[in-house]
Amino acid sequence: MDIIEIEGGRELNGTVEISGMKNAALPIIFACILIKDRCVIENLPSAIDVANSLEILSKMGAHVRMINRNTVEIDCTNLEGGSSPYELVSKLRASSYLYGAELGRFKRAYAGLPGGCDFGGTRPIDQHIKGFEALGAKVSTENGYLEAEAPNGLRGTQVFFDFITVGATINIILASVFAKGVTVIDNAAREPHVVDLANFLNTCGANITGAGTDTIKIKGVTSLHGCNYAIIPDMIEAGTYMSAVAATGGRVCISNTIPKHLESISAKLEEIGCEIEEFDDSLIVSRTGPLRKANIKTLPYPGFPTDMHPQTAVVLCMAEGVSFITEGVFETRFRYVDELRKLGAKIEVHGKTAVIEGGHPLTAATMKAVDLRAGAAMVIAGLAVPGQSVITDIHLIERGFEDIVGKLQKLGAVIRRSYRPDEDFIQGKAN
Ligand code: EPZ
């Protein structure tokens, strides 16, 4: 089994280069289905979810060629709709974007239901379906597949989401790009990656306005052309390294980032005891004094991101006093708590709130990455706690973080990727 081993208790110092944003790269890759031309996408993070998304397009008949580790050439001219491979689709939440892209191009969609991180709750797609039906499609889900058809084509409409949803906002943008007339999405998600998708599509000739606000307008066009496009930096990766510095102490320059995207994270980390200096495309985060307790509620952008929930919980375990984190986006997202308890963390979960009694000394342990962001949180815990920690199931971390071990080594962490036989980790045997 591949593992990460960490000798914790050291400060982090130096500079970390932030990669392209996974959650912007994925919708943009699937958006290429709408474009019967050559696109070159730059600043792609080298991560498993990106590789799997490109593999899906390739298996559907698209031309996909890696120009280098972070740049891909995609041409979907010969892509065949409805032909996505189930075993790959079922691994990714982002594969739900196949529905919107296929519906937009072929007026028909047929693909497996999406997978993605398991937070212990459900991750329905009812709002996606509501939007497709509003556009005039007939939608059914059975035997693990979604099928959508609009034989008379899609027509512009108004879609009012019952609550803010990134995935459904993205999917309705994809489906409505060629619809007849104007589509207005109300209660739209405002995340930077929604804006990045709209910018990509507009560069290819789409007519999308209002992305980044809660009302997005899509005027149908007849076709799109290819383009060269660079993905925005990953705000969650940046926030994760900022949280690592908060937990270990030290001073790190987070370079190739957009401080504006990090406002809620920076504000909360300053409240907790970090100093943050912002520049045009970088920021310096340092923590020299004690950490302070805090209360957090995760919310859609520009609120505090849910994808920063587990990482921040680790920081609050190191802060004197009782802190609270309320999960305001997903039904639940507390599977990381059991892993932190292995270090001696005192955390109780009441409903959607984790109550963290911080400041108790923690001890190094063997932890499991239970999902992508929780896995990164376990890395932060291993870095902050003195002694030898081990993290298993690291493929979940590598789904969305490019070279997390190499980047941390450059910051002075004693961390390495290694291998141990599975039986070493049979319950009770792991040291
Ligand atoms: C995207 O998931 C991200 N995934 C998630 O990041 C992120 O946590 C989430 O947005 C919120 O920002 C990708 O971009 C691939 P939602 P998504 O639709 O689109 C419920 C990571 O670690 N909902 O905004 O699935 C849903 O269950 C991942 O990179 C419905 O009930 O999120 C959730 O409770 C984890 N019905 C809430 O809405 C629907 O039809 C928000 O979901 C759609 C969503």
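Each ligand, and each atom within it, is numbered from 1 in the order the structure gives.
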Practice task
Among residues two or more places apart or on two chains, list those pairs meeting side chain to side chain donor-acceptor pair (under 3.5 Å) that have a residue in residues 164-185.
Solution key: His128-Asn171
Practice task
Could you pull out all residues at least two apart from Asp75 that satisfy side-chain hydrogen bond (donor to acceptor under 3.5 Å, both in side chains)?
Solution key: Thr77
Exercise for the section: Under the side-chain hydrogen bond (donor to acceptor under 3.5 Å, both in side chains) rule, collect the residues that match up with Lys342, sequence neighbours excluded. Expected result: Glu339
Practice task
Would you check if the side chain of Arg287 reaches a backbone N or O of Ala247 as a donor-acceptor pair within less than 3.5 Å?
Solution key: yes
Exercise for the section: Kindly check if the number of other-residue, nucleotide or ligand heavy atoms within 6.0 Å of CG (Asp162) is above 12? Expected result: yes
Handout entry: Parallel, tilted or perpendicular, as decided by the 30° and 60° cut-offs, for the rings of Tyr86 and Tyr145
Key = tilted
Problem - Neighbour list for ligand 1 [protein residues, heavy atom under 4.0 Å] - result: Lys22, Asn23, Arg93, Tyr97, Phe119, Thr122, Arg123, Pro124, Ile125, Asp126, Gln127, His128, Phe163, Thr165, Val166, Gly167, Thr306, Asp307, Val329, Phe330, Arg333, Leu372, Arg373
